[in-house]
> 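Below: one structure in structure tokens.
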Amino acid sequence: MTGYPAALILTLAVELPVYLAALRVMRAARAPVVFALATGVNLVTHPLVWWTLGVAAEFREGYEIVLLPVEIAAWLTEAALLGALLGAPRRPLLHAALAANAASFLAGLVAAGLT
């Protein structure tokens, strides 16, 4: 499997356990709720990140220019959405979303290097 479906599956495979661990430590939600929320926020951010990076890749050096701002936007959006849905403290959610997004970003780099 390649392309968008593979990227989404990889993202969820990496981010869901990170969110589960972080949110369970925070006692913010039970496991099924965490999986549903983490999947939901990724279904909001992932298509937008994928599309934006795809458009940017069409332009010379476009991908490299937008990569960091797009990843930061995804991180902050996921933290904000989780905060709104859970009513949990913002700082721990910022940390959880940063860890989840950094892990999936690194996994994507590894996967891209192996293909």
Side-chain angles (χ1 to χ4, degrees):
M1 183 181 308
T2 60
Y4 182 78
L8 179 60
I9 289 168
L10 177 63
T11 298
L12 292 173
V14 172
E15 289 194 19
L16 291 178
V18 175
Y19 276 126
L20 179 62
L23 295 176
R24 294 296 292 154
V25 167
M26 292 174 50
R27 300 178 194 267
R30 294 182 302 165
V33 173
V34 171
F35 278 113
L37 292 176
T39 300
V41 299
N42 270 284
L43 291 176
V44 170
T45 60
H46 197 271
L48 297 171
V49 168
W50 183 265
W51 179 80
T52 304
L53 294 177
V55 169
E58 298 294 320
F59 299 96
R60 185 174 166 220
E61 299 177 9
Y63 184 86
E64 292 84 3
I65 292 169
V66 301
L67 182 59
L68 185 59
V70 166
E71 289 292 336
I72 290 170
W75 159 47
L76 295 175
T77 300
E78 288 181 21
L81 288 171
L82 287 170
L85 293 168
L86 289 170
R90 290 183 191 155
R91 187 171 302 217
L93 291 174
L94 282 168
H95 295 161
L98 178 61
N101 280 276
S104 65
F105 177 77
L106 291 173
L109 290 178
V110 169
L114 298 176
T115 59

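Residue numbers run from 1 in the order of the sequence given. Quantities reported herein were computed from a predicted structural model and do not represent experimental measurements.
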> Taking C-beta and beyond as the side chain, do Val44 and Val41 meet within less than 4.5 Å on heavy atoms?
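No, every pair of side-chain atoms sits at 4.5 Å or beyond.
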> Pairs under 3.5 angstrom only: tabulate donor-acceptor contacts from the side chains of residues 56-64 to other protein residues two or more places apart or in another chain.
none

> For Thr52, which residues count as a side-chain hydrogen bond (donor to acceptor under 3.5 Å, both in side chains) partner, sequence neighbours excluded?
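If we apply the side-chain hydrogen bond (donor to acceptor under 3.5 Å, both in side chains) test to Thr52, skipping adjacent residues, there are no hits.
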> With ILVMFWY side chains joined below 4.5 Å, transitively, what does Leu48's cluster contain besides itself?
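Members besides Leu48: none; it forms no cluster.
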> Donor-acceptor pairs under 3.5 angstrom involving side-chain atoms of residues 65-74: please list them, not counting sequence neighbours.
none

> Distance from Arg24 atom CZ to Arg30 atom CZ, nearest 0.5 Å?
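Going from CZ on Arg24 over to CZ on Arg30, the span is 8.5 Å.
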> Check the pair Trp75 / Thr45 against side-chain contact (heavy atoms from CB on, under 4.5 Å), numbers first and verdict last.
CA-CA 9 Å; Trp75 159 47; Thr45 60; over 6 Å; no
> Can you find a heavy atom in the side chain of Leu43 that is under 4.5 Å from one in the side chain of Leu8?
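A side-chain contact under 4.5 Å exists here.
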> Do any side-chain atoms of residues 85-98 form donor-acceptor pairs under 3.5 angstrom with protein atoms, and if so which ones, sequence neighbours left out?
none

> For the OG1 atom of Thr77 and the CG atom of Leu82, what is their distance to the nearest 0.5 Å?
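Answer for the OG1-CG pair, Thr77 versus Leu82, is 11.0 Å.
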> Under the side chain to side chain contact (heavy atoms under 4.5 Å, CB included) test, which residues partner Ala36, sequence neighbours left out?
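Ala36 satisfies side chain to side chain contact (heavy atoms under 4.5 Å, CB included) with no other residue.
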> Sort and list the pairs that fulfil ring-ring contact (aromatic ring centres under 6.0 Å, His included) and have at least one residue in residues 34-57, not counting sequence neighbours.
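Residue pairs passing ring-ring contact (aromatic ring centres under 6.0 Å, His included), neighbours aside: Tyr4-His46, Tyr4-Trp50.
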> Are the side chains of Leu109 and Phe105 in contact, using a 4.5 Å heavy-atom criterion?
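Yes - at least one pair of side-chain heavy atoms lies under 4.5 Å apart.
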> Tell me, please, which residues at least two apart from Val18 pass side chain to side chain contact (heavy atoms under 4.5 Å, CB included).
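Expected list: Ala99, Ala100, Ala103.
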